[in-house]
Structure formats: structure tokens, C-alpha cells
Amino acid sequence: MKITFWLLDVNYEVENHEPEVWLWGVDTSGDRVLVIDKSFLTYFYAIVKEGYSPVKLADEITSRRALYPFIVKVEPVERRFFGKPVKALKIYCKDPDLVAKYAKALQKLDGVRECLEDDVRYSMRYLIDNGVVPCGWHEVEVEEESERRNVKVDRVYIAKSSPRFVEKTEVPNLRVLGFSMICYGKEGAPKPDRNPVVIISTATNTGEEKQFIAGDDMNDKPILEAFIDYVQRFDPDVIVGFGVNRQDWSYLNERCKRLGLRLSVDRAGTEPHTSVYGHVSITGRANVDLFDYADEFPDVKVKTLENLADYLGVMKIEDRVLIEDVEFASYWDDREKREILKRFSMENTRCIMGIANAILDFAIQLSSLVGLPLDHVGTAAVGFRVEWFLIKHAHKIGELVPKRVEQPYRPYAGAIVLSPKPGLHENIAVLDFASMYPNIMIAYNLSPDTYVAPGEPTPPCGVFEAPEVRHRFRKEPPGFYKEVLSYLIDVRGVIRAKMKEYPPDSVEYRVLDARQKAVKIITNASYGYAGWIGARWYMKPVAEAATAWGRHTILTAIKMAEGEGLTVVYGDTDSLFIKYDPEKVERLAEKICEKLGLEIKPDKIYTRIFFTEAKKRYAGLLPDGRLDIVGLEVIRGDWAAVAKKVQEKVLEVVLKEQSPRKAARVVKQFIQELRQRKIPYRDLVIWKTLTKSIDEYEVKAPHVAAARMLMEKGWKLAMGDKVGYVVVSGSGRLYERVKPYMFASYDEVDVEYYVTNQIVPAAARVLECFGITEEQLLKAGPEEEVTRKLTDFFGG
DNA sequence: GCGTTCAATGTACCT
DNA sequence: ACAGGTACATTGAACGCG
């Protein structure tokens, strides 16, 4: 019989050297199925050295059967490696777990240049070779399994054919379960060996909400049991949480171990286990940590659940009562406040469900595009997402996958940034090259496999030679990157055209939009990938040639603009800011496209724009009255909110009312309010990331001092964590006067620091262009003088 | 001994 | 653990003064 199923998760089992691939999915009737494929024979490659006979080498390996008992076949094949034809042996191995070992041994054999692809996991090998796509539909010939397997699905099948991918946009109705938990710990971060889980809140996409709450004795065994039981009864396909890969799952695992429970929440009777890229795998389900997608929202500076939910419109922060981790214990201990804590926990899970609703489509599309299972794809860094997409394509064209080798870091020149003309400008059009680097890579066939090294003869097809750096690339045939990028750009166009056929609020539109976003991300990351020393297909000349052509492109465009009599006031990498003249700008765009073969088009028009003397920092007023603020403190996450708010207001007044003097008055008013401590405390918190582990720091930085204080109190902090601190009164260096924000009170705050080192610099950054100095901002304004006189008089 | 200067360190941004 | 280009705050050692 034949079934069609959507692939949710994949794992493999090896017993007595017999491997099985387990494909977990949902079929067209909505049944949960497990398809077991026992037929896939894995392999790796050995590249044969020049001058050696592949056949002889193959025979030699076969004759040593005793040494490699699970090698079942050795096949001489023709492949490409970095575009160059190579002779290789395809060595089939019955037991996937022995591949790495055999490859290592055969590497030493005389005549073997290098073993390749032994580092591709069996399950990934299976997906790639069979064209099986995670989060995609497949047809497969199966037989129902008679033997009772201890798995939690409606049907178990044995595959009688390889699954065949079927193009279908729709996503089956998945059961989604979200959860979050509260642990009780009196000091610092709770530890699973001492501190119980007191609340677990769950919610499902069928609208069911549940809480598992410990009693006064805080015995969490019953609630953990009830939670596990509930997960099994609801039987979710997707489990979502926030920060679960790093925290919740390991905490639950250890807690259960301690209490003599099995955390069996999967479909195969195993426990959650950490796997590739640090994701926690729950067999048969997709465990999705929404925290892993927080990087997709760069506007959210501090990646907390409540900030993300607020940003995505799931739950506004002002509608919430937020409870800090430090306060959990005291809230629990107080009968009345415990109710607030319960609500807080439930709201967290609601936020998780809301965020999941906003992100899951994208995660699913990303998974099917790059070919990594849904639970891995989020934890895989951008470089690895690109790489898996490339590996899929490499297999199709017979290009062998290079080993990841340690490369020395060699910097190279990047893009051009023009110095802006400071001050205010009216009517400025921004021209942008569309996907500049990907299109340059396509136009000049930049690719690891088309590179012609110095000393190599020019091929008959001719070469493209990059300006300045003189790297050469064959014009023909189309390189690896060119093919991949052309496909991505085309497919995005197709998706965007298809989107127009659906109303924006339809499911189809949402899915297509998620897909085009996924495609865009992979496209835009490909240049960076090419120049990343960690990339399997790293090749500096490729990246270096791309930027060289980029510089040539923008410089040519600038010259042409000036030739048209247009004034360029700023530009960065692939954009030109031009004094707007509709006809001339239109003509210019056409001429540039014609001359360079790269599309450039007007992106937006600012009715007014403000530049400081610095590059990469400006603010523009759009025709609809909105402000675009770029690079300035307003959009930086490491400035106190009070300074950001003041600067934003200043920019608004300057751009809309063109009144720097009024802006200065606003600044003074803010300063006054701050001195009276009328500004909310949270607006004084400064957030900074720990970019390394704490003892690697060479200088004493404020946020590191704050981090140390947190750690002394039992907090766990790691690289990448954000530390929020305030500056308090006292003497000495700044780093001696900071406290984690939750340890300080408003009275301790050094208000003058915020005046002189936050508000005034942020405001002066803008106002100094109009002749208003820091001193003037600090000088008491007329209004304030009045207040002071009154205060003096009344002795306040 | 003390204030000033400046390179180094560190973070976060832009495209 | 995608790239290079850029701004800016703070530290801490060197420097200059007397």
C-alpha cells in the first residue's frame, strides 16, 4: 500500500549493526505515523590520488574484508571536488556508526588522498540521498508493521520503497503544546538538585490551558508526574517553550532523575537528550525553542519572553505584572502573592503560544528549505543553515562535501561608506542595489569551483577578473554558488508572485510569506558564508572579489549620478542618498542597470533627513510623518531608555518643527524630571552583553562588575547573556559604582551620571550640529531657574 | 603626586 | 561561530608638569 505523510522528525537506530531510519510524521488522514526504512545503505568517499588505479585500490580494500567487516561494497566513481574532476571510491558501509572509524583508517591507505562525507550523520545522509525533506510531504510504498513496537503513533509502517517528495504548500493540522515553569529557589538561580518545580503552566493550540501546581510542601513529584502524563495524553507534535534547550529540559530531566521519575514525554520511550547544535531532541516530536528565533528580531534588544511577546503584539508589557526571578520564592511563600505568581506563569505560557503562532510557519519553512529537521534548524547558526542548503545541492551535482578544516583568519577589504554631508537635507531619495552581493556573485560567477588560481592558465571560456584584487573566475560553466543563488532568487520571485493570489490574512499567504522570508535569509547570508573561515566551502578570494566588485559598482554609480548632475549626500555599501529629482533619478537608475547589469531602484524618499558628521548614523523624516532612525542611540540597546527617549524627542522636534531651541528646552525639562526622580526606574537600566566568559576580560568593565555581583549571589551567567545594571552614587571608577538593577533602589541611583553621561551626550549628538553645546544643555533654562528660585525661597 | 592624553578594549550598530 | 566598516564609552598606562 502507499501512504502520503508529512515529515516531522527523524532519528535512527542501530541494532546488531543493522540500521533503521525512523521517519515520524502525520499522514493525509491526520494519523500519526512512524515509517521505518531498513533499506538504506550508507557510505563515504575516498578520493584517489593522481596516478593510482581506483579499481586496484577498490580491490585492495575489498580484500581486507577482515579489517573492515562492515564494508559491503566499494565502487569507483567520478565526482567533483571544488569543481575539479576527481576519481573517488564510494565505500558502502552497513553500520553507520562505523563510518567515521573506517574513514579514518582508510585515510592512511597508500593511494587515498582524503576521505570525505564520513562526517555526515546517517539520518541526514538518508534525507539528502533520497530527497526527503523535513516539513515536507512524501509518498512511500509501505507495509503495516505487525510486530508491536513500543511507540506512540497510530500506525507503524515498514517502507517498501524510498519516500518520494511531493510538492504541497499546506501544513497538516499539528498539535502544539506550549509550557513554562517556575522553580522555587531562595538564592540565585534554582538548582535541580535542591529546588523544586512549583508551577508548570501548559497551553495547547486547541485552546486548553492547564497548570500543575505544587502544594505547600512544595513536593513536585506529583505535579511532574501529572505533567508527563498530560503531555502523553495530549500527544503533541510540536512542543514549544522559551529557553528550553538551555534550561527547562535539563532541569526537568535532573529533577525527575532525583525524584525517581522518568521524563518520558516522547513517542518512543526515551528521555529528552541534547543533540547536534545543542538542541534537545524529543523523539517523534519537534521540540522548538522560540528563544532560538529571537535573533530574527533585531529590534528586540533584550531577548526576554515578555519583550518578544510585546514586540510581536502577543501581550503588551504594560498589561503585565512582571515578576523577576529573584522574587519567585517570596511570591510563592506569600499566600496572596502566590496567586499573582500563578497568573504570571500562565501568562508566560500564553506568550509562548502567541510567539509560536508568529514563528512556527517560518521555522517550518526554514526547515524544509535548508533540509534540517524542525527541532535542529532553530539551534543551527546561520552559517550552518546555509551550509546544509549547499550540501543538499552539492549532492545533486556530484560535488563532494569538503571537510571542515581549521583556517587562519585573514582579513580582507569590505564595502565603501561615504562621509555624509552633516546637517539637514530636504527631499532625499535612497537608491538601493537589490541583493547586491548575491547578484554580484551570480553576475561574475564567483564560486569556490570557478576560481582560477594565480598561475593557472586562463580557460577557453574566459574569466571575469575582479577589480583591485584581480581574482579570476571562469565564465563557464555556472558555478556552484551561481546555481544556488539563481535558484533562490528565482524561487523567491515565484513565491512573491503566488502570494498576490491570496488575501493577506489567508493561511496560504502566511505560509508563502514565511517561505519567502526563509529564502531571503539564506540568500543574503551566502556572501558572508563564503568569507567565513568556518565554512566548508570557505574561499577568501570569492568573498574578496564580491566586495571588490561591490566597491566598483557603487563607485561607478556615484560617478554616473554626478554625471547626471545629481548630488550624492551619503552612501553605504549598496545605497546612494541623492537629492531628489524624479526624472533624473529615474533615468539614473535605468542607466546604472544597463551599464552594470545590476538592478538599482529608489527605495524610499525622505522629506527631510539629518546627518551628523559620523557615518552610519542618521534620522530621516518620511512623507507619512514617521521617523527612520539609524545607528543613533535611540536604536542602541546599550543606552538607558531615558537617554533614548530624550534623543528621539529631540530628533522629532528637529526634523518636524526644525526647532533645535525647542528641542533643547525639551532636554532640560527631561533633566529636571530625572533630578526629581520622576523618570521610571526601569528607564535607567543599562543592558550590555557578556561577549566572553567572565574571567577572560582584560579590563574592568561596568557590566562585568555587575555580572560578578550577580554570580556571587548564585546567578548563572554565560557568554551571550545580557546584564542589566544601574549606576549608583559613590566615588571611584564607573565599574565601582554599578549594581545589577534588581539589587539597587532608586535612592541609590547616581542621577547626575545619567544627566552627564547619558541624556546630555545623546541629545548633544544631534543638537551640537545646530550650535547647541553640552554646556548649554546643562545650564539651567529659564523655566528651571524659576523653579530653583522658588525652591530656594521656600527652602525645599 | 596629579591631571591629561591616547591607545586598547569592549559593545553594538549598518549594509 | 555569515562578512567588513564604523562610532562611541570606558579603562588604564604613558606622559607632562613642576
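Predicted model only: the values in this text are computed from it and were never measured. Proteins get letters first, then strands, A, B, ... in listed order; numbering begins at 1 in each.
- Under the 4.0 Å criterion applied to side-chain N and carboxylate O atoms, A:D432 and A:K604 are not assigned as salt-bridge partners.
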Sort me out a list of protein N/O and nucleotides 2-7 of chain B N/O pairs below 3.5 Å, or just none if empty.
none

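- Residues satisfying the salt bridge (Lys or Arg N to Asp or Glu O under 4.0 Å) test with A:K559, not counting sequence neighbours, are none.
- A:E613 pairs by the salt bridge (Lys or Arg N to Asp or Glu O under 4.0 Å) definition with nothing, not counting sequence neighbours.
- Nucleotide B:dA12 holds its P atom 6 Å from the CG atom of A:D638, rounded to whole Å.
- Annotation for A:K540: atom NZ counts as buried by contact number, over 12 foreign heavy atoms lying within 6.0 Å.
- With rounding to whole Å, A:E613 atom CD is found 16 Å from C:dT6 atom P.
- No contact: A:A546 has no heavy atom under 4.0 Å from any strand.
- Pairs of residues two or more places apart, or lying in two chains, that qualify as salt bridge (charged side-chain N to carboxylate O under 4.0 Å, His left out) and include a residue from residues 753-774 of chain A are A:E633-A:R765.
- For A:K403, the NZ atom counts as densely surrounded, since its 6.0 Å shell holds more than 12 non-hydrogen atoms of other residues, nucleotides or ligands.
- Within the structure, the salt bridge (charged side-chain N to carboxylate O under 4.0 Å, His left out) test picks out the following pairs touching residues 291-303 of chain A (sequence neighbours left out): A:E296-A:R385.
- Among pairs with a residue in residues 715-727 of chain A, those fulfilling salt bridge (charged side-chain N to carboxylate O under 4.0 Å, His left out) read A:R246-A:D721, at least two apart in sequence or across chains.
- Listed in residue order, the members of residues 378-390 of chain A having a heavy atom less than 4.0 Å from DNA chain C are A:A381, A:V382, A:G383.
- For B:dA12, the OP1/OP2 oxygens have a side-chain nitrogen or oxygen of A:T689 closer than 4.0 Å.
- Only at 4.0 angstrom or more do the heavy atoms of residues 528-543 of chain A sit from any atom of DNA chain B, so none qualifies.
- For the pair A:K421 and A:Y570, the cation-pi test (distance below 6.0 Å, angle within 45°) is failed.
- For A:S575, there are no side chain to side chain donor-acceptor pair (under 3.5 Å) partners at least two apart in sequence or on another chain.
- Within the 4.0 Å cut-off from OP1 or OP2 of B:dC13, not a single side-chain nitrogen or oxygen of A:Y618 is found.
- In this structure A:K579 satisfies the salt bridge (Lys or Arg N to Asp or Glu O under 4.0 Å) test with no other residue, sequence neighbours excluded.
- Legend: residues meeting salt bridge (Lys or Arg N to Asp or Glu O under 4.0 Å) with A:K517, ordered by chain and number and at least two apart, are A:D513.
- A:I522 places its CD1 atom 11 Å from the P atom of C:dC2, with the value rounded to the nearest Å.
- Taking a cutoff of 4.0 Å between a charged side-chain nitrogen and a carboxylate oxygen, A:E387 and A:R404 qualify as a salt bridge.
- The nearest whole Å value for the distance from the NZ atom in A:K644 to the P atom in B:dC13 is 8 Å.
- One interatomic measurement links the two molecules: CZ of A:F297 to P of B:dC13, which rounds to 16 Å at whole-angstrom precision.
- Across all strands, A:I635 comes closer than 4.0 Å only to sugar-phosphate atoms, never to a base (heavy-atom distances).
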Report summary line: Per-nt protein contacts along nucleotides 8-13 of chain C (heavy atom under 4.0 Å; B base, S backbone sugar-phosphate only, - none) come out as SSSSB-
